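The structure appears right after this line, and notes come after that.
Quick caveat: nothing in here was measured; it's all calculated off a predicted structure. Values reported hereafter were calculated over all heavy atoms of this structure, with side chains retained and with hydrogens, waters and symmetry mates removed. We name chains A, B, ... by the order of the sequence lines, and we start the count at 1 in each one.
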Amino acid sequence: MLLVHTLREERERVLAGLQKRHLDAAAAVDRIVALDDQRKELQTSNDTLLAERNTLSSEIGTLFKSGRKDEANALRERVNEIKGAVAGAEETLKGVLQELEDALLQLPNVPHELVPTGSSAEDNEVFKAYPGELPTLVDGAQPHWELAETYGIFSLELGVRTTGSGFPVFTGQGARLQRALVNYFLDRNTAAGYTEYAPPLLVNEDTARATGQLPDKEGQMYYIPEDDLYLIPTAEVPLTNLYRGELLDAGQLPVQLTGYTPCFRREAGSYGAHVRGLNRVHQFDKVEIVQLTLPEESYTKLDEMVAHVGSLLDELQLPYRILRLCGGDMGFTSALTYDFEVWSAAQQRWLEVSSVSNFETFQSNRLKLRYRGERGNELLHTLNGSALALPRIIAALLENNQQPDGILLPEVLHGYLGKERLTPVA
RNA sequence: GGAGGAAUGGCAGAGUGGUUGAAUGCACCGGUCUUGAAAACCGACGUGUCGCAAGGCACCGGGGGUUCGAAUCCCUCUUCCUCCGCCA
């Protein structure tokens, strides 16, 4: 959620930025500022009434003590009048506050100046292209969903039996590969300074709202009405919310968190060839990294996160490129996002495996996440990124490394996997 | 699931209707003293909001109510603790 202060002080920058999202927000911004003016006015006049009431009440107390009951009763009548006025004023104020909040929730984050203009994924900027030749495959190379059968990696049919479509069941060496990747990612992240957390997979409404999943994306999350809880679409949600409402000392920063969780996404309406196999599923595993930083450091930290994620893909020896998302493709809450895509050799297409974003104060405003700074208490910046999402990594590993006698996995995984290559099942 | 108890500032812990935004202790910060440190002493020390400021207002788990006035009384929700039951 944007700050009204920002809308007032940096109106032109905000409007120009939102233009990159193809959003003409001039009217909305003006309305918000007007509502905020109204809010201040109402609050000030109401406070004046309350101040009078407080003074009179204290006088009444004194009068009673000295036995001057008649005078006290006269004042009581006056206070009762004030009470009526206060009740009316508070009712109005409440309405204005609600309108203000609703209006602010409609506005997405302001894109950073580096964000390219554009309306769709086509317009994303290739920030770092894959430097080499894209690998070519041997004849008869298979896409990962076929390899999954040959090698017994996962089964979507079994998932249908237990649950429904889009819930893969990893089996045998496939399940082991999954566990190997999770451990590898967590080890690398903790070595880079991130503290490991294993958070809850269900979150309450306040939590989902603070990181921006609510109110605009409720359709994306699985919801449990009996307990009013949501299954997390990403570990970002519980991890970032661990610090909701905190007021940190600058010395505690940056806070760096990592966590492995399954992620649940409804992905309503997504069907077809592009979602075959592991390309898009309702439940998948992901290791996430989160940072809470000083405002002036957040873009340096964003670069560091990008470099870190890149190093993981380097070690996995997967061909990848980095995109800087354009205004039209960027998430609602983000100010600047880098997407990592690995090359799926058998499908001949790029698959997104990580998204690294700086939210600046957009989340921390809802989180009420602040630090004690020299200029007073200020909102922190929040950032997060996948390091990494598993299914498409697995798809690319299978497809890119297939050889006549098996699938040779990158060296970093050998220890975790207990072997060098995956072998066909009988 | 059943029965009790509790929720106050960074922590501990007073406070049952009227200068209590909140005693006291600890921690933290500034200072005095000291070669330095410790101890001792002095001072400052919650958050938000409105205001140029002085200062006002709100906040004692959340929400609602009673009252001229609520941390203090009532209702409700949540969380935690103890005991019983159930259970990975």
task = Describe the nucleic acid contact of Asn377(A) in one word from base, sugar-phosphate, nothing, applying a heavy-atom distance below 4.0 Å.
result = sugar-phosphate
remark   = Here the pair of heavy atoms bringing Leu100(A) nearest to Arg39(A) is CD2-CD, 4.1 Å
key: Heavy-atom contact window of chain A on RNA chain B, given 5' to 3' at under 4.0 Å   = rG18(B) to rG69(B)
request  = For the pair His282(A) and Tyr222(A), name the ring-plane relationship: parallel under 30°, tilted 30 to 60°, perpendicular over 60°.
outcome  = perpendicular
inquiry  = Has Lys20(A) got a side-chain atom pairing as donor or acceptor with His112(A)'s backbone, closer than 3.5 angstrom?
reply    = yes
Complement of rA22(B), any strand, by Watson-Crick or G-U distances under 3.5 angstrom = none
Leu56(A) or Asp47(A), whichever maps to the more 5' nucleotide of RNA chain B = Asp47(A)
key: Separation between the P atoms of rG30(B) and rU16(B), rounded to whole Å   = 37 Å
remark   = If pairing means Watson-Crick or G-U wobble with both distances under 3.5 Å, then the partner of rA70(B) is none
remark   = Under a 3.5 Å limit on both distances, the Watson-Crick or wobble mate of rA58(B) is rU47(B)
query = With the threshold set at 4.0 Å, does a side-chain nitrogen-carboxylate oxygen contact exist between Arg78(A) and Glu81(A)?
reply = yes
ask   = Taking the same atom, P, in rC81(B) and in rC42(B), what whole-Å distance lies between them?
value = 41 Å
request  = Could you work out the separation of rG62(B) and rA53(B) based on their C1' atoms and round it to a whole Å?
outcome  = 36 Å
Base-pairing mate for rC87(B) - Watson-Crick or G-U, with both contacts under 3.5 Å = none
key: C1' gap between rC68(B) and rU32(B), integer Å   = 49 Å
task = For nucleotides rU78(B) and rC87(B), find the distance between their P atoms and express it as a whole number of Å.
result = 25 Å
Separation of the P atoms in rA22(B) and rA40(B), to the nearest angstrom = 27 Å
ask   = When you compare rA12(B) with rA7(B), how far apart are their C1' atoms, in angstrom units rounded to a whole number?
value = 15 Å
task = Would you mind pulling out the nucleotide paired to rU82(B), Watson-Crick or G-U wobble, both distances under 3.5 Å?
result = rA3(B)
remark   = Result for 5'-nearest mapping on RNA chain B, choosing between Leu50(A) and Gly61(A), is Gly61(A)
query = Say you pick atom C1' in rG31(B) and the same atom in rA39(B); how far apart are they, in whole Å?
reply = 16 Å
inquiry  = Salt bridge or not between Arg188(A) and Glu315(A)? Use side-chain N to carboxylate O under 4.0 Å.
reply    = yes
request  = Can you tell me which residue pairs pass the ring-ring contact (aromatic ring centres under 6.0 Å, His included) test with a partner in residues 2-27 of chain A, sequence neighbours excluded?
outcome  = none
key: Residue among Glu125(A), Met330(A), Arg21(A) satisfying side-chain contact (heavy atoms from CB on, under 4.5 Å) with Val115(A)   = Met330(A)
query = Which part of the nucleic acid, if any, lies within reach of Arg53(A) when heavy atoms closer than 4.0 Å are counted: base, sugar-phosphate only, or nothing?
reply = sugar-phosphate
ask   = Does rC41(B) pair with anything, Watson-Crick or G-U wobble, both distances under 3.5 Å, and if so, with which nucleotide?
value = rG31(B)
task = Could you check whether Asn46(A) gets within reach of a base, just the sugar-phosphate, or nothing at all, counting any heavy atom under 4.0 Å?
result = nothing
ask   = Under 3.5 Å, is there a donor-acceptor pair between the side chain of Thr240(A) and the main chain of Val237(A)?
value = no
